[in-house]
Amino acid sequence: MSANNGQLNPPQAQAVAHQDGPLLVLAGAGSGKTRVITQRIARLVDEGLDPRRILAVTFTNKAAREMRERAERLIARRIAGLWIGTFHSICARLLRRYGDAVGLSPSYVIYDDGDQRTLMRQVMRQEAISERLFAPRDVLSHIDRAKNAGTSAEQYQAHDYFSDIVARLYPAYQRQLQRCDAADFGDLLLKTVQLLRADEALRQHLSSSFEQVLVDEFQDTNPVQYELIRLLSSTHNNICVVGDDDQSIYRWRGAQIENILGFERDHPGAQVIKLEQNYRSSQVVLDAAHAVISRNAQRKAKQLWTDQQGGEPITLCVAPDERTEARFVASRIHQLVAQAGHTFDDVAIFYRTHAQSRAIEEALRAASPPIPYAVYGGMRFYDRAEIKDLLCYLKLLINPADDVALQRVINVPARGIGKTTVEKLIGHASAHGISLLDAARAAATSDGPLGGAARRKVGDFVKLIDALAEGVSETLPSTLAERVLDDSGYLQSLAQSGTVEATTRAENLSELVSSIRQFEAATEEATLVSYLEQVSLATDVTDQTNEQGQVSLMTVHSAKGLEFPTVFVIGLEQGIFPHARSLDAPEELEEERRLAYVAITRTKRRLFLSRAMQRWHLGQLKARPPSEFLSDIPEQLIGERAGLHAAPARRNAPARLPAFAGAHLDQPEPTYDDAWVDDEFDQSAPDFDDLFDADGFRVGMRVKHRKFGVGEIRSLTGTAPNLNLTVYFKTVGAKTIRSQFVEPL
DNA sequence: AGAGCTCACTTTTTT
DNA sequence: AGTGAGCTCT
């Protein structure tokens, strides 16, 4: 980590030197955990162990990459053949090679959330189960929970009304996945474990080939991951796990804090090493972190210490609303850069949920000069519609059984194949137990369920796919991507529509093509299959690009493992952080507390905590009391209490208030002692009254939106003050926006 | 068949 | 406040 003077301290050295047998390293935040793992890998390789016999597992791609790079730097050469990656990527790789026994071909595809939902909806329709009564989302989350617990469809036991339905859908869903030659995220883990459970010889083979196994962030492993590790290390039993129970933040994904608490019990003779010296943070930061975490009941007692005494006191900001909070952050960043010699990449801003990033982004852009930033996670590049379209074409080329991909692209760009036709194909496919593509092929060539026009169109589509699929394995992925875009008419249809949005989409597509080229350049065996796998397992593109000179924005979850000289934690309010869904569940609240601990302990020197007295959330303005975590932090650690006023209404600011006949913002004023009163409230803001007739409807009026410019109102829904306007903008087409965010013209 | 419009629902957090 | 599914109108 940061300042360890190149030397390992005694417990670190002991952990690096540990030879054989199970080892548990309890590594507090900032205690040099990554250092220990990388030094250990380097030592093993240096002493002549074949890197192919080392398996190192992490939770994120970023962590895996960093670990590899640091280990390579230590021994000053490339480490070829080392098994290092996330649980999911390692499983994906094993299944690629050995998945036959669990029903996966070598070119199987990985389904993401959206794909899963499409498939589940289809299954529910087949099983005649109402999607209204049973949300596909919820059903999938039950299935995922089962998979994380190691429960297969056959083993799944219903225990109540809802799980009764799940018990019916789980096996049907798995059958459908198998027909599509696809695995979802949960399958990657569970199927690998099933494979190893069932195939004694394979387990022997793999576990004896992995002489040393290392697991990072062990506190976040769930039961399948735990079993996977156990199976893969069963021959040599050289298993080194590193973790910190205080940083266990993935309970919702099935992580069992017990795995780390019970490691000694499950591995008799395990050596336990505690790393408690912190090299990252000032004493002030550690004290604050400790004050928050020590209120948790379920934890191993430990106390981090540092020899950096004192430190910068914490700044606490109380803002009237989230926009002001964001302006506070932006102005402090400028101050730090101007006065404290900071660069932008010294600064990170953490929030509890992605939705909170918007206000911050806007403030950073509005700052003068604008502050460069990078958002981690959130809306992935790969989630954009046009990107998914192209990827689905590619998936379909290597995996003709991928019905989900086919459904996505069969009418994109529009080629006159409508819902009815697709439904007929689905019926035909499930009746004959064949893939949709085969059903389409059959329908086009023989007397199938389709009539003349539809049959011809479907035939053309099949011809298109067949032509594209020819020679797939000998063609560069980037070439294939370009061919898809041209031959399918995708680019042409974008060009034809001519909107600004279409231009953006075309740009995104060409960005994707160049990222495929990059992949080809950087990868030895750059096949389409390996590219698609990488994309499915990548969190986002910022994963790959490491741009300098940017402030980092991310959720607390994705902040784990990172450190920054200056940290802002925003939105410290009851219901935001801790999250509303944790408030009435003590165990969940403990997890939120650990999350707060993770956030604080990322800080090296300067910590800013902020909250807003009221904020827009899910379309509503609501006042929330301060986070209970704030009151845990001892008074003497806080240097400055910044209170802020809202910006006076700017000329181009949205009209502040409702204004439809008699509508009032009937939100309660915050009633806290330090409540701030908005005396600069702009009484003269223009009204919407004149836009609508007596019924509050109609009038072909125009409004102005900050981003989209001038547009024409099409319709109006909702109740004051939360009105939704559907406005047609020349630039981006129809958008539904809230009345507060437009200005009448 | 397709475009447009309305409504409902959403939100933790990630692989 | 954005998205997506379903309905209606063309």
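So that the names make sense, note that chain A is the first sequence line, chain B the second, and so on, each numbered from 1. Quantities reported herein were computed from a predicted structural model and do not represent experimental measurements.
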_From C:dA5, B:dA1, B:dT15, nucleotide with atom closest to A:D113 side chain_ = B:dT15

*Quick one: label A:R594 by what it contacts on the DNA or RNA (base, sugar-phosphate, nothing), any heavy atom closer than 4.0 Å.*
nothing

*Between the side chain of A:D220 and the main-chain N/O of A:A255, is any donor-acceptor distance below 3.5 Å?*
no

*asked:* Quick check on DNA chain B: between A:K457 and A:F87, whose nearest nucleotide comes earlier from the 5' end?
replied: A:K457

*Which part of the nucleic acid, if any, lies within contact of A:N411, taking any heavy atom under 4.0 Å across all strands shown: a base, the sugar-phosphate backbone alone, or nothing?*
sugar-phosphate

*What's the CZ-P distance between A:R121 and C:dG6, to the nearest Å?*
7 Å

*Just say parallel, tilted or perpendicular for the rings of A:F59 and A:Y250, cut-offs at 30° and 60°.*
parallel

*N-O pairing of A:E217 and A:K560 below 4.0 Å*: yes

*Using the C1' atom on both, measure B:dT13 against C:dG4 and round to a whole Å.*
22 Å

*Which one, B:dT11, B:dT15, C:dG2, comes nearest to the side chain of A:R358?*
C:dG2

*asked:* Tell me if a side-chain donor or acceptor on A:H354 pairs with a main-chain N or O of A:T555 at a distance below 3.5 Å.
replied: no

*May I ask you to say what A:S536 touches in the nucleic acid, namely base, sugar-phosphate or nothing, with a heavy-atom cut-off under 4.0 Å?*
nothing

*Interface with DNA chain B, restricted to residues 244-256 of chain A and to heavy atoms under 4.0 Å*: A:Y250, A:W252, A:R253

*Between B:dT13, B:dT15, B:dA1, which nucleotide gets closest to the side-chain atoms of A:T420?*
B:dA1

*Under a 4.0 Å N-O cut-off, is there an ion pair linking A:R358 with A:E361?*
no

*Choosing from B:dT11, B:dT15, B:dT13, which nucleotide comes nearest the side chain of A:A355?*
B:dT11

*Toward the 5' end of DNA chain B, which comes first, A:R137 or A:A414, by nearest nucleotide?*
A:A414

*When we call it a touch if two heavy atoms are under 4.0 Å apart, what does A:T421 touch: a base, just sugar-phosphate, or nothing?*
sugar-phosphate

*Got a sec, which residues hit side chain to side chain donor-acceptor pair (under 3.5 Å) with A:T118, two or more places apart in sequence or on another chain?*
none

*Minimum heavy-atom distance between A:A29 and A:D244, given as atom pair plus value*: N-OD2, 3.6 Å

*Mind checking A:S582 for me? I need base, sugar-phosphate or nothing, with any heavy atom below 4.0 Å counting as a touch.*
nothing

